[in-house]
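The next block holds one structure in the form of structure tokens; read it before the comments.
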Amino acid sequence: MARPLGPLAPFRPHWPRRVFAQLLLSQTVVTVAVTAVTAGLFLAPVSAELDRDAMQRALSIAQVTATDPDVARAAADRDPDTAQAIAERIRLASRAEFVVITDTEGIRLSHTDPARIGLRVSTDPEPALRGEVVTAIQDGTLGRTARGKVPLRLADGRIVGEVSVGLSDDSIRGRLVSMAGGILLCAGAGLAVGLAATLVLARRLKRRTHNIAVADIAALLIEREAMLHGIREGMLALDAAGRIRLANDEALRLLALPEDCTGRTVDDLLPPGRLADVLTGRVEGADLPAVRDDRVLVVNRMATADGGAVTTLRDRTELEFLVRELDHTRGLTEALRAQDHEHANRMHTLLGLLELGRHDQAADFISEQSGTQAARAARIGRHVQDPHTAALLTGKAAVAEERGTRLTVTPDSHLPDALVDARALVTVVGNLVDNAMDAAPAGTVEVRLRTAGTTLLVEVADSGPGIPADLRERVFDEGWSSKQAPAHRPRGLGLALVRRLVERSGGRLAVGTGPLGGARFTVELPEALSAAEPRLEHA
């Protein structure tokens, strides 16, 4: 059984949800309203001007009528026949609504309706009878008219009546309607142009906003803010001119940008270098390494359709340290593996001496072999009292030995256990020693550590081929390296990190030719020690 249809729900207009539809509707309403108001404001003064023109025409007809001596004599003699004849002739000639002649009492001597002759006029005649000229829009026996009234005088100037001329309000309105047609036509043309422009603008906005609703825009903005400020990667958006449009919290932290960086260019906020070049697109590529202070960053830049770009920043500082530690561990593991084989060979040698009954030689062999490693650690410990740096150099020496490289600490070196930032020094010395061992795979690497007050001087020299003079500044650039990068990490960051650490501490970094014939890196770190040392050198 069919269910009966209920009453139709009343029509309720709803505000559109789409951005372009809202714009189209609101702009249409505004355009129509502005056009209507403009047309009304234009028609209002036109109507007033038509009224003034009609009153002036009526006054002119009255003044011309009053100059006729026959009219003045007819008024003075109170001769309605003569006055009526002259008034009707003038009315027909001028197409006026009426031409009324009165005596000094305001009694009509002429009228369009002869039955009203002899009656007093319906409007006050006193101003004209006092000699005044009157123009007005008034209601009378013939309806609403534009009137002009003048006094009627004899040759001697004596006032003997008035002349009142009226023009029909219908004729005035007819002229207004005829003019209003043109005005409304122009207004309609303007309205059509405005609506067409609104439609074009709305369609363009529809394409730019992908036809989404206003509520969706608000939701997208909320989600974007939550996403940008919640992710652990830095996000930087630039416009076509290179100005920062957006920077999330992580980008501000990683790049050390001020809170009010929006609207400023990258070159204004960052020092010249690889990081600024990568962010601005002057250096292109994927997963580009860069250094900001003591942080290692991986930067990716993607251009946008409007000429700008979006850049992501990942902090690889901890990972870089871990990778370097892994490299050191691998080196130590290789060294231990080689030492294990060497130890097995020594054990075989010792076993052979014992089987041959050469016990004295076996004892000498054990003493010689056991003292080598301990002597190396003790030698480094005498000059380097900081445990972190001493352990680093001891491990590097073992790795260098297995590579065929000789790593030594100069006899005049001295480093007390009073470092302010041991981790920074480990980074500096470790990177410099690694580069030196890579440059002299079968040569010599020499480390020198000296103090002067609270200032620490570090020198690392090698017997490698050295660095050409034209490349001595470039070796500190992020991402530049003369060696092929391994698969697990990029090259060109070690010396860049050293420079950043040195610059942050207010120190100096230089590279030249050392006493071994290869490169020598010199680092001066002021305020590196917590207490001043009394001597510059320690033998």
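In Arg245, the CZ atom is crowded: over 12 heavy atoms of neighbouring residues, nucleotides or ligands sit closer than 6.0 Å. The 12-atom threshold is exceeded at CZ of Arg253, counting heavy atoms of other residues, nucleotides or ligands nearer than 6.0 Å.
With sequence neighbours excluded, the residues satisfying salt bridge (Lys or Arg N to Asp or Glu O under 4.0 Å) with Arg282 are Asp267, Asp277. The side-chain contact (heavy atoms from CB on, under 4.5 Å) test applied to Ala76 returns Leu154, Val160, not counting sequence neighbours. In terms of the salt bridge (Lys or Arg N to Asp or Glu O under 4.0 Å) criterion, residue partners of Asp260 (sequence neighbours excluded) are, by chain and number, Arg264.
Expressed to the nearest 0.5 Å, how far CG of Asp113 lies from CZ of Arg116 amounts to 5.5 Å. Interatomic distance, CZ of Arg73 versus CD1 of Ile86, reported as 8.5 Å (0.5 Å rounding). Rounding to the nearest 0.5 angstrom, the gap separating the CG atom in Leu313 from the CG atom in Leu252 is 10.5 Å. Atom CG of Leu501 and atom CG of Leu425 lie 10.0 Å apart (nearest 0.5 Å). Taking CZ from Arg153 and CD1 from Ile159, the interatomic distance works out to 4.0 Å, rounded to the nearest 0.5 Å. For the atom pair CG (Leu167) and CD1 (Ile137), the distance works out to 8.5 Å, reported to the nearest 0.5 Å.
Checking side-chain atoms of Arg508 against main-chain N and O of Val523 turns up no donor-acceptor pair under 3.5 Å. Judged by distance alone, the side chain of Gln63 and the main-chain N or O of Val150 form no donor-acceptor pair under 3.5 Å. Of the possible polar contacts, one joining the Arg301 side chain to the Leu279 backbone as a donor-acceptor pair under 3.5 Å is found.
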| task | Show your working on side chain to side chain contact (heavy atoms under 4.5 Å, CB included) between Asn300 and Val298 and close with a plain yes or no. | result | CA-CA 7 Å; Asn300 283 281; Val298 175; 4.3 Å; yes
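Thr123 and Lys149 form a side-chain donor-acceptor contact under 3.5 Å, judged by distance and modelled atom types alone.
Comment: Asp103 engages Arg78 in a salt bridge, judged by a side-chain N to carboxylate O separation of less than 4.0 angstrom.
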